[in-house]
Amino acid sequence: MKQSSNQRIHITGGHVIDPGRFNGVADVLIDEGRVVALGPRLKVPAGASKIDATGRLVLPGFVDLHVHFREPGFEYKESIQSGAAAAVAGGFTSVCCMPNTNPVNDNQAITEFMLDRARAAGLANVFPIGAITKGSEGKELAEIGDLRRAGCIAISDDGKPVMNSLVMRRAMEYALAFDVPVVDHCEDLHLAEGGCMNEGAISTELGLPGMPAAAEDVMVARNVALAELTGARLHLAHISTEGSVRMVREAKSRGLKVTAEACPHHFTITEETVRGYNTYAKMNPPLRTWKDVQAIKEGLRDGTIDVIATDHAPHATQEKQMGFTEAPFGIVGLETALPLTFALVDEGVLSLESAIDKLSTAPAKAFGLAKGTLAVGADADVTIVDQQEQWEVDPAKFRSKSRNTPFAGWKVKGRVTTTIVGGRVVFEASQAEP
Amino acid sequence: MSLKRKDLLSLAPLSVDEIRLILQTADSFKEVTGREIKKVPALRGRTVVNLFFEPSTRTRTSFELAAKRLSADVINFSPSSSSVVKGETLLDTARNIEAMQADIIVLRHPSAGAAEALALGVKSSVINAGDGWHEHPTQALLDLYTIRERGLSFEGLRVAIVGDVSHSRVARSNIHALVKLGAEVRVVGPPTMMPCGVEKLGARVYYNLDEALRGVQVIMMLRLQLERQGIALFPTIREYVRLYGLTTERVKLAEPGAIVMHPGPINRGVEIDPEVADSLSSVILEQVANGVAVRMGILYLLSGSN
């Protein structure tokens with residue numbers, strides 16, 4: 001199924017959405033890994049292979065700013081190969097990998113290793129995110145200049161928030177020299193200590209230690225204050241609370257360089273899903289209340305939240321079979337993000353174009369990636385989608401090595417039919433079906 | 001009427017009728033425990049496994065005695081809780097126990113939800129003997145039994161539950177059951193020990209012990225975990241005792257004849273003054289005695305022998 005990148009591909013008759021640039025029925029012509037023409041009824045050049053996209057959406061490949069491909073260190077959960085396969089099956093042509101591998105991606109050798117593995121996989125574009133501090137221990141700055149030069153496109157100690165505000169200040173200042181966004185998982189570790197779900201009436205009833213929304217809010221507030229102090233580009237990972245949305249909205253209204261992402265699970269389900277001690281509903285930040293879900297949706301609608309990212313966090317089945325307090329945080333998300341986002345379109349929260357923007361164009365812009373567009377000359381990363389196809393989520397069919405999703409058995413709508421990365425078809429649904 | 005359940009995991013889903021059935025069944029076993037030969041053949045040939053991942057003397061002994069008085073074979077299995085941390089899944093533990101042909105597994109585990117997870121994985125009946133901060137249903141049932149034995153009726157009964165409600169499985173099980181039975185439940189303690197949203201379970205929150213004790217017929221003290229001193233829940237034992245310790249004077253604020261309960265083990269001079277613990281109003285040892293009868297009743301009902 002791998003084809004050489006100088007192949008011409010002619011995508012015909014699809015509904016092309018290039019957010020902010022084009023929205024209508026058109027053909028797309030790809031040559032030598034780039035988009036070379038976009039318009040109605042293009043002439044078919046000789047030797048071009050044709051993809052009939054009539055009745056389908058032709059979109060700039062999705063860009064996920066937040067995935068955990070567990071390589072190096074935890075390949076039994078996910079490798080860069082399996083993660084990239086899951087990505088393209090879900091329509092994501094570019095993914096940004098968090099550095100909480102083992103060893104941590106806090107030096108250029110690890111970054112180069114990840115990029116090598118990504119090239120060997122030959123599926124999605126992989127952009128490593130470097131650690132902010134050595135070993136993500138929150139103490140000493142990592143060699144951010146080296147990380148940047150080696151190919152890291154952002155820095156983060158994701159999963160281990162930088163608790164020391166002075167260290168965070170220095171990181172933001174230092175990052176200015178390389179124009180790299182600083183990404184923080186906002187959680188006050190003292191406030192959230194020992195918690196494994198949202199703190200509230202349900203955690204009380206279940207007898208589970210809670211993590212209050214305030215544990216996220218205080219760190220969002222701190223980070224916004226530090227972004228204002230330093231002028232850094234701040235990107236807030238997976239915000240989940242009403243308070244976070246309010247503070248990001250306020251920060252943006254004052255012109256700060258703040259971007260924010262939300263995950264599909266945080267706008268789709270609530271803490272109620274934890275009932276029965278469902279470890280597939282255990283993630284960090286935790287599932288919140290209905291009010292928080294409404295606030296996230298409103299934040300997506302009014303533009304406060306720029307980006308939809310998955311926080312794809314694979315864990316082995318045996319790890320999720322532990323008791324609720326012992327089981328690790330996180331769920332896989334790459335192969336369910338599209339239909340869950342389309343549900344917001346059906347609900348009227350987002351226009352179709354704005355949904356595509358949040359999956360593709362806006363994330364590319366937030367991290368300064370030359371992706372997320374079908375403009376002539378752009379890399380030919382294209383996702384073709386059947387917006388109407390209904391299907392049932394079956395984790396056994398995931399390309400990811402892990403199956404940890406709370407959406408198993410859900411009847412959803414919207415499915416990727418073809419994914420093209422750099423002018424090569426890397427995923428086709430028809431081939432994938434058994 | 002019988003208990004149509006495989007397991008006893010929590011009191012939250014139990015109906016009033018089911019609770020009453022358990023208490024009534026315990027009555028006949030209470031009579032057995034008073035005989036010279038304290039044994040009946042009801043569970044002869046059945047195997048009960050006490051699976052305790054947390055240290056416990058009184059609950060485990062109480063279950064063991066209950067099972068033995070029903071003529072069941074009893075095995076005590078206490079894997080160190082570190083083996084859980086090291087990664088054996090609950091399901092694997094469950095399958096091992098099941099392979100030993102256990103009819104009933106009594107589980108004590110430091111994690112909330114452990115009993116529920118175990119019950120899903122095995123055909124044996126599972127009794128929750130305490131899971132994290134979640135529930136301790138048999139303790140609450142023996143508390144109810146003791147209240148009822150004292151001739152108190154649950155409808156309109158005023159009960160104060162005093163102490164670290166946040167970290168107490170005993171409190172949660174009692175709140176569920178007492179609210180269901182029509183009692184007025186007051187929870188009392190410093191705000192640091194009140195779980196978020198506890199009023200949604202039907203309890204009224206008090207921070208002042210004197211105020212909370214006025215007119216109650218039952219005072220249920222919780223054990224204070226002394227290691228929580230200083231880590232933000234309370235500054236010193238000295239101040240805790242002054243604010244929330246149960247003294248003879250404070251008992252007088254309750255309705256005359258009010259009973260004082262405690263799930264044990266008690267910290268004398270901390271949450272409860274020794275004078276109160278040894279007073280006529282204290283039913284602490286009756287609770288222990290009733291524990292065996294109530295657990296016999298539960299084992300009997302779950303064994304399907306009825």
Side-chain angles (χ1 to χ4, degrees), chain A residues 74 76-77 188-217 241 270-282 286 288-292 315-329 403-404, chain B residues 9-13 53 81-95 107 109-121 128 130-137 165-173 175-176 187 193-203 205 231-232:
Chain A
F74 307 99
Y76 67 96
K77 298 176 195 247
D188 183 306
L189 295 176
H190 300 300
L191 274 174
E193 190 180 358
C196 57
M197 71 170 291
N198 185 49
E199 181 178 299
I202 294 177
S203 68
T204 291
E205 191 182 329
L206 296 179
L208 288 170
M211 313 159 85
E216 177 173 320
D217 297 350
T241 66
T270 68
E271 57 179 355
E272 290 282 345
T273 314
V274 175
R275 284 190 190 281
Y277 301 93
N278 176 9
T279 58
Y280 290 153
K282 180 178 177 179
R288 305 282 187 186
T289 66
W290 186 84
K291 257 181 89 183
D292 294 300
H315 290 293
T317 303
Q318 69 270 19
E319 294 170 315
K320 281 292 194 179
Q321 278 176 350
M322 310 276 283
F324 194 90
T325 47
E326 296 89 30
F329 290 107
R403 312 268 173 260
N404 49 315
Chain B
L9 305 175
S10 65
L11 293 189
F53 288 91
S81 47
S82 69
S83 80
V84 184
V85 177
K86 275 178 198 154
E88 186 180 30
T89 68
L90 277 167
L91 207 60
D92 283 327
T93 311
R95 285 173 181 155
L107 178 74
H109 198 282
S111 303
E116 228 173 288
L118 185 75
L120 281 175
N128 181 6
D131 61 329
W133 309 339
H134 177 222
E135 282 220 36
H136 192 350
V165 177
S166 194
H167 299 95
S168 175
R169 52 196 174 210
V170 175
R172 278 178 181 74
S173 285
I175 293 168
H176 283 307
V187 289
M193 293 180 174
M194 283 300 140
C196 178
V198 68
E199 59 286 346
K200 287 194 180 151
L201 301 182
V205 177
I231 55 164

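Letters go in sequence order (proteins before strands), and every chain restarts at 1. No hydrogens, no waters, no symmetry mates; every other heavy atom, side chains included, goes into these values.
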Contact origin within B/Arg169 toward chain A - heavy atom pairs under 4.5 Å: neither

Check for a donor-acceptor pair, side chain of B/Arg172 on one end and backbone N or O of A/Leu206 on the other, with a separation under 3.5 Å. no

Could you measure the distance from the CD atom of A/Gln318 to the CG atom of B/Asp92? Nearest 0.5 Å is fine. 9.5 Å

Give the minimum heavy-atom separation between A/Thr204 and B/Leu201, together with the two atoms involved. CG2-CD1, 4.2 Å

Heaviest contributor of heavy-atom pairs below 4.5 Å to chain A, chosen from B/Ala112, B/Ala117, B/Gly197, is B/Ala112

Do you know the tightest heavy-atom contact between A/Gly276 and B/Glu116? CA-OE2, 3.4 Å

For B/Glu199, does the CD atom have more than 12 heavy-atom neighbours from other residues, nucleotides or ligands under 6.0 Å away? yes

For A/Pro209, is it the side chain, the backbone, both or neither that has a heavy atom under 4.5 Å from a heavy atom of chain B? both

Side chains of A/Tyr277 and B/His134, heavy atoms from C-beta outward: is any pair under 4.5 Å? yes

